[in-house]
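Just below is one structure, and these are the notes that go with it.
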Amino acid sequence: MEETSTMPDAAVPGPAPAVPPTPPVPLAALLAREDLGLRQIAGPQDSATVIHWAHTSEMADPYPYLLGGELLLTAGVHVPEAAGSGTYFDDYVSRIVEAGGAALGFGVAPVHDTVPRALVVACDDYGLPLVEVPPRTTFSGVARAVWQLMAQARHTELRRVTEAQQSLAAAAARPDPVPSVLRQLAQRVGGRATLYAPDGGEVASAGRMPGAGGAGGGGEVSGALAGLVAVVRPTTRDGSRGVSASGGGGGPTPSSASDTAAGVHLAAYALGTGQGFVLGVAAPRRDPGDHTIASVGAVLLSLLTGEHQSSTGAARSSALVRLLLGAAPEEVAPLLGGGERWVVVHARPDGPAPDAVTASALGAALGSALVDVDGDVVRVLVPAGHRELTVQPGWTCGVSAPVGSHDWASADTQAGRALSRARATRARLVRHGEHQGLTDLVPPTEAAAHARTLLAPITANPALTETLRTWLSLHGSWDRTAVALSVHRNTVRQRITRCATLLSTDLDDPDVRMELWFALRHA
């Protein structure tokens, strides 16, 4: 018989979601729905019983089809006539419990007039909640109710996470940012948040330590948290990534590990590569959005403890001042910690416009703290050769060719064009000038002189020049050029027509296109 299931996205294996996973539904909330008329007739009536999804099965042994946490719905089609006098129901219920099923829903009608008494006894014996589903309620109606309750819980959790992110960001802007962030984080998770120094000592803390330690914190819980912090700290010294992924964060997050002690949920987050600071969090429970909230706090604390207190941050500040006072880029480049070659990355997120925290997280993933948010694009200046630049989940990136510090401006232009091409071709990452061609055989000075002469009629209008460049790079596609330039396709047509007129040439001729492309590359 065919198996059907209703399952939230969070249960499907795959990459960690960018939002908190869907919270489970308390069984009591489902029983409280008057429109369903459900009634629990066996098993423990525990308010902590939750269900993660609903699953319908008429198999005599549903074990192979269960993932755990289900409300298993059955009409008893699989039940043999003599089931009440043998061990059938004991075997059936034990297999559900062994598979991790959360509860069993038995539909009264059309097969059975009442719930078999032997099934009630078996559920009581094995501690499995048994719910009677009346004839007027369909299994699909129960599944829909589960989805509705999950949607409500998810909306509530997302709102809680959003409000927490806003309050943490506001706390980071206060005159005492580190204590303020810790206070907000402790309040949002209902526990204690502590910042540990590289030597293991406490820098600052806020909130109450849950569990036996009480307000003074200590004992078993404090010792377990300190031990977890010690496990995470070595990963920051050698630059490796985290001990274990706690899941749920969007974009790159600090290295983290989690544990439980005396019924208290513990988590530790290493703040940035090489800093040695660690954030420890102890909470009486672990809601689906808590990891996301703590990760935001960790990113903010990473910026606060690293950018302004480290010698590297002071060197970057000195480089900025020297640039503003007229120093050449090649003079300040050594202060930025890179070598002789640099790469510029332009990145655009799949979701909303990036903020400072998101941009900093991207920079950490790319191996650079030199980050700038320019509207909906993040620009990152990365030392070339320190690590391979790879596709970043949730981002579309354009990467320049490696250049010296005196060519930073040119690399910025290259990265911008590479990003436009990546968006137009729906590629996750496009690099500028990965392969050399015949045009590289022409001396640059001669090529530039030829380009100036050929393109002189349109040089005064940057919009025409950039439109022609993009249009040629996309093989004359009106739609993809419009997407790359964020304009209407009719605007693209008008500009290309104007270019053809000013250049007195036929843009349908492939030889003409080739020569113009050569000129635009060297303009």
Side-chain angles (χ1 to χ4, degrees), residues 20 23-24 26 47-48 50 153 156-233 243-244 246-249 253-271 277-305:
S47 60
V50 295
T156 300
E157 192 69 7
L158 287 173
R159 183 171 59 187
R160 183 177 79 92
V161 169
T162 300
E163 292 174 351
Q165 290 174 333
Q166 293 172 347
S167 66
L168 287 169
R174 291 175 58 88
D176 54 342
V178 171
S180 296
V181 169
L182 291 173
R183 284 195 298 268
Q184 275 296 327
L185 180 56
Q187 177 182 341
R188 294 294 174 172
V189 301
R192 187 175 183 85
T194 303
L195 179 64
Y196 292 85
D199 61 1
E202 291 190 14
V203 177
S205 62
R208 296 172 59 88
M209 180 68 76
E220 181 183 355
V221 176
S222 294
L225 182 58
L228 190 63
V229 167
V231 171
V232 171
R233 181 175 295 108
V243 173
S244 66
S246 300
T253 59
S255 304
S256 63
S258 60
D259 200 356
T260 303
V264 177
H265 295 274
L266 310 176
Y269 301 83
L271 306 187
F277 289 91
V278 179
L279 169 65
V281 179
R285 63 186 184 278
R286 186 171 181 82
D287 293 328
D290 285 347
H291 173 70
T292 303
I293 294 172
S295 294
V296 172
V299 170
L300 290 171
L301 290 171
S302 180
L303 296 174
L304 295 171
T305 57

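Considering only heavy atoms from C-beta on, Leu182 comes within 4.5 Å of Leu301 through its side chain. Proximity of Leu185 to Val296: side-chain heavy atoms (C-beta onward) are nowhere separated by under 4.5 Å. Between Val278 and Leu228, every side-chain heavy-atom pair lies at or beyond the 4.5 Å cut-off. In this structure, Leu195 and Val181 have side chains that are not in contact, with every pair of non-hydrogen atoms separated by 4.5 Å or more.
The two residues Gly190 and Pro284 have their closest heavy-atom pair at O-CD, 3.1 Å.
With 3.5 Å as the limit, one finds no donor-acceptor pair spanning the side chains of Glu202 and Thr194.
One distance of note links CD of Gln165 with CZ of Arg160; it measures 11.0 Å at 0.5 Å rounding. The distance from atom CG of Asp290 to atom CD of Glu157, rounded to the nearest 0.5 Å, is 7.0 Å.
Taking Pro24 as the reference, Val50, His52 meet the side chain to side chain contact (heavy atoms under 4.5 Å, CB included) condition, with sequence neighbours excluded. Listed by chain and residue number, Asp176, Arg183 satisfy the side chain to side chain contact (heavy atoms under 4.5 Å, CB included) test with Pro179 (two or more places apart in sequence, or in another chain). For Glu163, the side chain to side chain contact (heavy atoms under 4.5 Å, CB included) partners are Arg159, Arg188, not counting sequence neighbours. Partners of Ala197 according to the side chain to side chain contact (heavy atoms under 4.5 Å, CB included) rule, which considers only residues two or more places apart in sequence or in another chain, are Asp199, Val203.
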